[in-house]
Amino acid sequence: MKLKLIGISLLLLMGCSSTKLVSTWKNPDNVIFDAYQVLVVGMIQDDAVRMDFETKFANALRSQGVDAVRSIDLFDVEFTNSQRSEQELEEVEQQLLDKGFDAILFTKVVGTENRRTFKEHINDVDKMLVRFSTDYLEHQDIYYDPEYYDTFNIYHSETSLYCICIGKDIELIWRGEVDITEPDNVNKTMDSYVKLVTKSMGKEDV
């Protein structure tokens with residue numbers, strides 16, 4: 001019964017009728033970033049929702065001439081079922097480099113009770129997670145902790161574009177924060193989210 005309730009809560013969370021871009025940040029050292037092969041990662045417990053979300057994002061990127069691959073096609077089930085170490089994430093990044101990937105588009109649901117603190121955080125680059133491996137390690141319990149979503153009163157989603165290019169010390173290229181409210185329809189919400197984020201990235205030459 002508990003697992004059923006978790007699934008329902010995830011669908012409600014991802015099935016909101018209102019999506020609003022709260023804020024964005026772009027690395028000032030990258031005026032224009034061209035990604036040719038991108039891994040699309042949706043950090044979501046429910047595999048069906050994750051598959052739909054990653055498919056929609058990958059299709060949107062492909063329509064713009066970007067070779068996009070879903071993480072659900074690349075990461076095996078065991079990888080997301082338990083905690084991973086920093087070394088394992090570094091190995092993943094190296095494998096992506098070896099396969100020709102140059103970027104990761106990483107989306108996760110985050111929560112906070114204080115909207116002002118959250119908005120201040122996005123504008124403080126010194127406190128931002130600027131590497132994909134660090135961001136993943138910080139939030140990986142989203143995949144397997146059944147109580148993860150129960151701790152939040154206000155829900156937000158965050159999409160980050162990371163460069164995995166050789167020799168880059170700061171990998172974060174762009175980040176956008178989106179509010180999701182009014183649970184309604186899963187597919188419509190995902191469509192709106194993808195459209196909102198890709199439009200914003202396009203405007204900022206990302």
Side-chain angles (χ1 to χ4, degrees), residues 21-44 50 53-54 56-58 60-62 64-76 79-80 83-112 118-143 156-178 193-194 196-206:
L21 188 66
V22 177
S23 58
T24 64
W25 178 89
K26 181 183 177 182
N27 191 328
D29 294 331
N30 290 273
V31 179
I32 297 178
F33 178 72
D34 292 320
Y36 300 99
Q37 189 169 16
V38 179
L39 180 67
V40 178
V41 181
M43 187 172 266
I44 304 166
R50 176 184 168 196
F53 180 79
E54 291 187 355
K56 289 178 183 296
F57 235 130
L61 294 175
R62 289 172 190 147
Q64 298 178 28
V66 177
D67 182 8
V69 178
R70 305 178 305 178
S71 76
I72 205 163
D73 296 326
L74 201 63
F75 294 165
D76 58 36
F79 187 85
T80 57
Q83 285 191 344
R84 296 298 159 185
S85 66
E86 183 175 356
Q87 181 179 348
E88 287 175 309
L89 265 294
E90 289 177 353
E91 291 173 356
V92 168
E93 289 183 338
Q94 185 58 53
Q95 291 171 7
L96 292 174
L97 277 170
D98 294 342
K99 292 179 180 179
F101 286 91
D102 49 23
I104 301 171
L105 192 63
F106 182 41
T107 299
K108 61 185 180 295
V109 173
V110 294
T112 178
F118 185 81
K119 292 180 71 174
E120 287 176 349
H121 170 75
I122 190 63
N123 293 316
D124 189 350
V125 67
D126 292 333
K127 296 181 180 179
M128 293 176 73
L129 300 172
V130 295
R131 291 181 60 87
F132 168 69
S133 57
T134 307
D135 201 351
Y136 186 100
L137 290 170
E138 181 75 16
H139 299 94
Q140 62 178 315
D141 54 335
I142 290 175
Y143 278 130
H156 305 272
S157 188
E158 179 180 283
T159 293
S160 304
L161 180 67
Y162 289 98
C163 170
I164 53 173
C165 308
I166 298 173
K168 293 286 187 179
D169 292 328
I170 298 180
E171 297 183 354
L172 183 62
I173 302 299
W174 182 90
R175 176 168 291 170
E177 309 287 347
V178 179
Y193 187 95
V194 170
L196 181 65
V197 172
T198 53
K199 182 178 180 180
S200 177
M201 292 173 67
K203 286 182 177 180
E204 298 185 47
D205 293 321
V206 178

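Numbering starts at 1 and runs along the sequence shown.
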Item to check | Pairwise distance OG(Ser71) to CD(Glu54) - rounded to 0.5 angstrom | outcome: 3.5 Å
Next on the checklist: Checking side-chain polar atoms at under 3.5 Å, does Thr24 have a donor or acceptor matched by the opposite partner on Glu177?
Outcome noted: no
Checklist entry - From Ile104 CD1 over to Gln37 CD, what is the distance, rounded to the nearest 0.5 angstrom? => result 11.5 Å
Next on the checklist: Please give me the minimum heavy-atom distance between Gly42 and Phe53, naming the atom from each residue.
Outcome noted: CA-CD2, 4.2 Å
Checklist entry - Which residues satisfy the ring-ring contact (aromatic ring centres under 6.0 Å, His included) test with Phe101, sequence neighbours excluded? => result none
Checklist outcome for this item: Rounded to the nearest 0.5 angstrom, the CZ-OG distance for Arg175 and Ser160 is 3.5 Å
Checklist entry - Would you say the side chain of Val38 lies within less than 4.5 Å of the side chain of Val69, judging by non-hydrogen atoms? => result no
Checklist entry - Can you list the residues that meet the side chain to side chain donor-acceptor pair (under 3.5 Å) rule with Asp205, with sequence neighbours excluded? => result none
Checklist entry - Does the distance from a Lys or Arg side-chain N to an Asp or Glu carboxylate O, for Glu204 and Lys26, drop under 4.0 Å? => result no
Next on the checklist: For Val40, is there any backbone N or O sitting under 3.5 Å from a side-chain donor or acceptor partner on Arg70?
Outcome noted: no
Checklist outcome for this item: Rounded to the nearest 0.5 angstrom, the CG-CG distance for Leu96 and Leu74 is 6.0 Å
Next on the checklist: Is there a side-chain contact between Leu161 and Phe106 in this structure, where contact means two heavy atoms from C-beta onward sitting under 4.5 Å apart?
Outcome noted: no
Checklist entry - Any salt bridge (charged side-chain N to carboxylate O under 4.0 Å, His left out) pairs touching residues 86-106, not counting sequence neighbours? => result Arg84-Glu88, Glu93-Arg131
Checklist entry - Do you know which two heavy atoms are closest between Met201 and Leu105, and how far apart they sit? => result CE-CD1, 4.0 Å
Next on the checklist: Once side chain to side chain donor-acceptor pair (under 3.5 Å) is applied, do any residues pair with Lys56, and if so which ones, sequence neighbours excluded?
Outcome noted: Asp191
Checklist entry - Can you tell me how far the CG atom of Leu39 sits from the CD atom of Gln95, to the nearest 0.5 Å? => result 11.5 Å
Item to check | Atom of Leu97, atom of Ile164 and distance for their closest heavy-atom approach | outcome: CD2-O, 2.7 Å
Checklist outcome for this item: Residues passing the side chain to side chain donor-acceptor pair (under 3.5 Å) test with Thr159, sequence neighbours excluded, are Thr107, Tyr193
Checklist entry - What is the minimum heavy-atom distance between Leu172 and Trp174, and which atoms define it? => result CD1-O, 3.5 Å
Item to check | Full working for side chain to side chain contact (heavy atoms under 4.5 Å, CB included) between Val178 and Val22 | outcome: CA-CA 5 Å; Val178 179; Val22 177; 5.9 Å; no
Checklist entry - Under the side chain to side chain donor-acceptor pair (under 3.5 Å) test, which residues partner Thr198, sequence neighbours left out? => result none
